[in-house]
Amino acid sequence: MIHKIRYRIVYNRSHRLNKSGEGLLEIECTQQKRRIYFTTHTYVKPENFDHGTIVNTPNEQSINYALYIMIQDIERVELEYIKKGVEVNLPMLKEAVRTHISPAAKLADFGTEVVEQSERKNLTKLNYQTLFNNLEKFRKGILITDIDYQFIVSYDKWLRESGIAHNTRISRLRLLRAVLNEARKRDFITVNPFDRFRIQQMVSKKGFLTKEEVTKLERLNLKGNEDKIRDAFLIGCYTGLRFSDIISLRPEHIKDGWLTKKMVKTGFIVEIPIAELFDGKMMVILEKYDNQINKLTTSLASNSAVNKVLRGILDRIDADAKITFHSSRHTFATLLGQRGVQLTTIQKLLGHTKLQTTQIYSEVDRNAIINDIKRKK
């Protein structure tokens, strides 16, 4: 037998008024003579409370409505569990409301809680938060159980019409699918609507410089900020490091002709033989900065600011207008591939973390990397 929980507003349960002479309003939940309480964070004077209702105040209507919604949100948690045949006790209710993990949770609240509890990287967590903010703009207060196939179709259409980039739209849909998979694991939903919705593929943006263009870039006579940004871009071409890894590059990451670093985005540790790659050109840049690479890397501005300057530099060698700083990473991979370096070695150097490639990487050690690169010089 299901024992339904009863809800009501109670006033000043602690029998203590604050300095303004106001008492706290709480939501009392009663089940078989047991009780728990949720604060409403609302304080009123004794004369403004009468039998569960705010009275004799100019904004009484709006406050009473807000209190009603608070009770409704808590009771919805109980009702959604009952729909699934689960009898809710008071401790279960309190935990579900506190953590926002229940069938009745708002999608943004549930997603935020799940992501924060996970071991996802900080950058990934920020991407999820962007998704939740975006979903709130599309449909405020949407619940997990409200998400169906038509919702996804409508959200996808809204994203396309908002003018965001194709790959950004695809990324948000993939993140939403992952959140709904988490809801399905907890039996909050029985089917992920993405099982019937096909997410398009991302469009490749792997622009790169040719060997000849890299040579032209190396020979450009530059000074000041332009010189440093050119050198940083060339580091990407010589090592395959992302911008986030280059700006966090320090002398301790370089020893005995090797660059060893934990990648900011993935946490994967890469080992790069900079004394061997591209005839040791990375070593030349190090010497230019007295082997104190931080003299260069800590002077760089944001990625977007660097890209603006880089665009002007690359115009002088007539490079593709779509080239950005990240293209240095693609240049690295492409030039090694053109030299005949094995794909497994390139993947190891790039620090990709996909399961299927990681299994291959485990068979490639430092000697294998050196021998493979030397054969292709």
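Fair warning: this is a prediction, and the values are worked out from it, not measured in the lab.
The hydrophobic clustering, which links ILVMFWY residues whose side-chain heavy atoms are closer than 4.5 Å, places Leu25 and Tyr43 apart. Hydrophobic cluster membership differs between Val55 and Phe49, with clusters built from Ile, Leu, Val, Met, Phe, Trp and Tyr side chains linked at under 4.5 angstrom. Following chains of ILVMFWY side-chain contacts shorter than 4.5 Å, one can reach Val153 starting from Leu107, so the two form part of one hydrophobic cluster. Hydrophobic clustering, with ILVMFWY side chains joined whenever heavy atoms are under 4.5 angstrom apart, keeps Leu143 apart from Leu180. In the hydrophobic clustering of ILVMFWY residues, with side-chain heavy atoms under 4.5 Å counting as a link, Val97 and Ile36 come out together.
By the 4.5 Å heavy-atom criterion applied to side chains, Tyr11 and Ile9 are not counted as neighbours. Here the side chains of Leu336 and Phe278 are in contact, with some heavy-atom distance below 4.5 Å. Contact check for Leu234 versus Met282: no side-chain heavy atoms found under the 4.5 Å cut-off. Side-chain contact between Ile272 and Leu241 is present, with at least one heavy-atom pair separated by less than 4.5 Å. Between Ile274 and Leu286 the shortest side-chain heavy-atom distance falls below 4.5 Å.
Side chain of Thr334 to main chain of Thr331: no donor-acceptor pair is present (N/O by atom type, distance under 3.5 Å, no hydrogens or angles). In terms of modelled atom types and a separation under 3.5 Å, the side chain of Arg184 and the main chain of Thr190 share no donor-acceptor contact. Using a distance-only test at 3.5 Å, with no hydrogens or angles considered, no donor-acceptor pair links the side chain of Ser20 to the main chain of Glu22. Formation of a donor-acceptor pair under 3.5 Å by the Gln31 side chain with backbone atoms of Val88 is found in this model. Between the side chain of Asn64 and the backbone N or O of Ile54, at least one donor-acceptor pair lies under 3.5 Å. With Asn56 contributing its side chain and Asn48 its backbone, the two residues share no donor-acceptor pair below 3.5 Å. No donor-acceptor distance shorter than 3.5 angstrom exists from the side chain of Ser171 to the backbone of Asn167, with no hydrogens or angles considered. Distance alone, capped at 3.5 Å, is enough to place a donor-acceptor pair between the Asn89 side chain and the Met92 backbone. Judged by distance alone, with hydrogens and angles left aside, the side-chain atoms of Arg329 form a donor-acceptor pair with the main-chain N or O of Leu350 at under 3.5 Å. Looking only at distances, a side-chain donor or acceptor of His166 sits under 3.5 Å from a matching main-chain atom of Gln201.
Every ring-ring contact (aromatic ring centres under 6.0 Å, His included) that Phe151 has, sequence neighbours left out, goes to Phe138. Scored by the side-chain hydrogen bond (donor to acceptor under 3.5 Å, both in side chains) test, Gln72 finds Tyr68 as partners (sequence neighbours excluded). Applying the side-chain hydrogen bond (donor to acceptor under 3.5 Å, both in side chains) criterion to Asp227, with sequence neighbours excluded, gives Arg230, Lys288. Here Tyr128 pairs with nothing under the ring-ring contact (aromatic ring centres under 6.0 Å, His included) rule; sequence neighbours left out.
Taking a cutoff of 4.0 Å between a charged side-chain nitrogen and a carboxylate oxygen, Arg35 and Glu26 do not qualify as a salt bridge. Between Arg186 and Glu113 there is no salt bridge, since no side-chain nitrogen of the basic residue lies less than 4.0 Å from a carboxylate oxygen of the acidic one. The pair Glu218-Lys281 meets the salt-bridge criterion, since a charged nitrogen lies less than 4.0 angstrom from a carboxylate oxygen.
More than 12 heavy atoms of other residues, nucleotides or ligands shown are found within 6.0 angstrom of NZ on Lys125. Atom NZ of Lys211 has 12 or fewer neighbouring heavy atoms from other residues, nucleotides or ligands inside a 6.0 Å radius. Summarising the local packing, OH of Tyr37 is surrounded by more than 12 heavy atoms from other residues, nucleotides or ligands at distances under 6.0 Å. Heavy atoms from other residues, nucleotides or ligands lying under 6.0 Å from CD of Gln61 number 12 at most. Residue-environment remark: CZ (Arg250) exceeds the threshold of 12 foreign heavy atoms within 6.0 Å. By the 6.0 Å contact criterion, NZ on Lys106 is open, its count of non-hydrogen atoms from other residues, nucleotides or ligands being 12 or less.
Residues His100 and Ala105 come closest through the heavy atom pair O-CB, 3.0 Å. In terms of heavy-atom proximity, Leu300 sits nearest to Ala232 at CD1-CB, 3.7 Å.
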Given the rule in the side chain to side chain donor-acceptor pair (under 3.5 Å) test, do Thr130 and Arg172 qualify, once you have shown the distances and angles that lead to the verdict? CA-CA 9 Å; Thr130 299; Arg172 288 184 184 167; 5.9 Å; no

Report the C-alpha separation of Arg316 and Leu222 in whole Å, then their side-chain angles, then the decisive distance to 0.1 Å, and conclude whether the side chain to side chain contact (heavy atoms under 4.5 Å, CB included) test is met. CA-CA 11 Å; Arg316 302 179 203 179; Leu222 301 173; 3.0 Å; yes

Criterion side chain to side chain donor-acceptor pair (under 3.5 Å) on Lys322 and Ser327, from CA distance to verdict: CA-CA 9 Å; Lys322 295 180 180 179; Ser327 301; over 6 Å; no

Check the pair Lys228, Val309 against side chain to side chain contact (heavy atoms under 4.5 Å, CB included), reporting the backbone distance first and the verdict last. CA-CA 11 Å; Lys228 289 183 176 180; Val309 178; over 6 Å; no

Take Glu182 and Phe110, measure what side chain to side chain contact (heavy atoms under 4.5 Å, CB included) needs, and give me the verdict at the end. CA-CA 10 Å; Glu182 293 287 348; Phe110 168 79; 4.2 Å; yes

Walk me through whether Leu123 and Val264 qualify under side chain to side chain contact (heavy atoms under 4.5 Å, CB included). CA-CA 9 Å; Leu123 181 60; Val264 173; over 6 Å; no

Test side chain to side chain donor-acceptor pair (under 3.5 Å) on Gln150 and Ser154 and set out the steps. CA-CA 6 Å; Gln150 186 54 49; Ser154 300; 3.2 Å; yes

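Using modelled atom types, one finds no donor on one side chain facing an acceptor on the other under 3.5 Å when comparing Lys45 with Thr57.
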For residues 78-86, run the donor-acceptor check on the side chains, cut-off 3.5 Å, and write out each pair with its distance to 0.1 Å, sequence neighbours left out.
| residue | atom | partner | partner atom | Å |
| --- | --- | --- | --- | --- |
| Glu78 | OE1 | Lys4 | NZ | 2.8 |
| Glu78 | OE1 | Tyr7 | OH | 2.8 |
| Glu78 | OE2 | Ile5 | N | 2.9 |
| Glu80 | OE2 | Lys83 | NZ | 3.4 |
| Lys84 | NZ | Asp187 | O | 3.3 |
| Lys84 | NZ | Phe188 | O | 3.2 |

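Remark: Thr297 OG1 to Ile246 CD1 distance equals 9.5 Å, nearest 0.5 Å.
Residue pairs meeting the ring-ring contact (aromatic ring centres under 6.0 Å, His included) criterion with at least one member in residues 292-327, sequence neighbours excluded: Phe233-Phe325, Phe243-Phe325, His326-His330.
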